Amino acid sequence: MAGKSALVVVDLQNDFLPGGALGVFEGDQVIPVLNRYIQLALAAGLPIYASRDWHPKVTKHFKEYGGIWPPHCIQGTRSAEFHPDLRLSKDAIVVSKGADPERDAYSAFDALESDGTPLAESLRRRGVERIYVGGLTTDYCVKWTAIEAPRQGFSMTVLVDASLGVNLQPHDAERAIAEMVRQGADMTTIERLRL
Ligand code: VGL
Ligand code: ZN
């Protein structure tokens, strides 16, 4: 993680963790790894973003209203909170996505700061050129972020040891990794990370 980079921690919310509405199998295992990446980013003085899925009660994203998902990450509920073991620093920048009831929003680039600033604009203001992305889920938010990153002018490194998929279909997460490589994303693990 060199200068002009940022860490983006994706959707480490109770509903994506075991016991949650869309609990990722063994999803809690990424938490200690993400905490190590957070420490590295802090030590390097890099901005840290935390995205969250942030839905209204009624949205076309949910099965009941035409989407594919059970209700999850409803704004203001405990299910939408970050997992308490995630050690986000106080100055981590929270960005929220999925608030528009008319559409799905998987990419972290769909997320906005509390004042409405889109992620890409926030990154540009800080001079960020590369984002290091890990979290939940590999096959949706992380993948769509990797597809969007080059279009928005950013390089991206996937933190493969800190990301897991929801795997609606078996192997979705593996396919997502292949797709991200095709999109030009780099892959790293904490051991291979160059500081
Ligand atoms: C996501 C499933 C449902 C994600 C959002 O952002 O990864 N996955 N909603
Ligand atoms: Zn969602």
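Side chains are part of it too, since the values below use all heavy atoms of this structure and drop only hydrogens, waters and symmetry mates. Just so you know, ligand 1 is whichever comes first in the structure, and atom 1 is the first atom listed for that ligand. All figures in this text were calculated on a predicted structure; none of them were measured in a lab.
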Task: His61 and His55 aromatic ring geometry - parallel, tilted or perpendicular at 30°/60° bounds - done: tilted
Open item on the list: Closer than 4.0 angstrom, basic N to acidic O: yes or no for Arg175 and Glu179?
Closed with: no
- [ ] Give a yes-or-no answer on whether the side chains of Arg124 and Gln152 include a donor-acceptor pair shorter than 3.5 Å.
- [x] yes
Open item on the list: For a quick test of reading the model, state the closest non-hydrogen atom pair linking Val158 to Ala185 and the distance between them.
Closed with: CG2-CB, 4.1 Å
Task: For Tyr140 against Ile68, the heavy-atom pair lying closest together - done: OH-CD1, 4.2 Å
Open item on the list: Please check this pair: side chain of Asp139 against backbone of Gln169, looking for a donor-acceptor N/O pair closer than 3.5 Å.
Closed with: no
Task: Test item: Thr145 side-chain N/O and Ser107 main-chain N/O as donor-acceptor pair under 3.5 Å - done: no
Open item on the list: Show me, by chain and number, every protein residue that has a heavy-atom distance under 4.0 Å to ligand 1.
Closed with: Asp11, Phe16, Leu22, Asp53, His61, Trp69, His72, Lys97, Tyr106, Thr137, Tyr140, Cys141
Expected list for residues 6-15: side-chain donor-acceptor pairs under 3.5 angstrom, two or more places apart:
from	atom 1	to	atom 2	distance (Å)
Asp11	OD1	Ser51	OG	2.7
Asp11	OD2	Lys97	NZ	2.8
Gln13	OE1	Asp53	N	2.7
Gln13	NE2	Asp53	O	2.7
Gln13	NE2	Ala80	O	3.0
Asn14	ND2	Arg78	O	2.8
Asp15	OD1	Ala21	N	2.9
Asp15	OD2	Cys73	N	2.7

Task: Pairs flagged by ring pair (Phe, Tyr, Trp, His ring centres under 6.0 Å) wherever residues 146-192 is involved - sequence neighbours left out - done: Phe109-Phe154
- [ ] Mind checking how many protein N/O/S atoms fall short of 2.8 Å from the Zn ion (ligand 2)?
- [x] 4
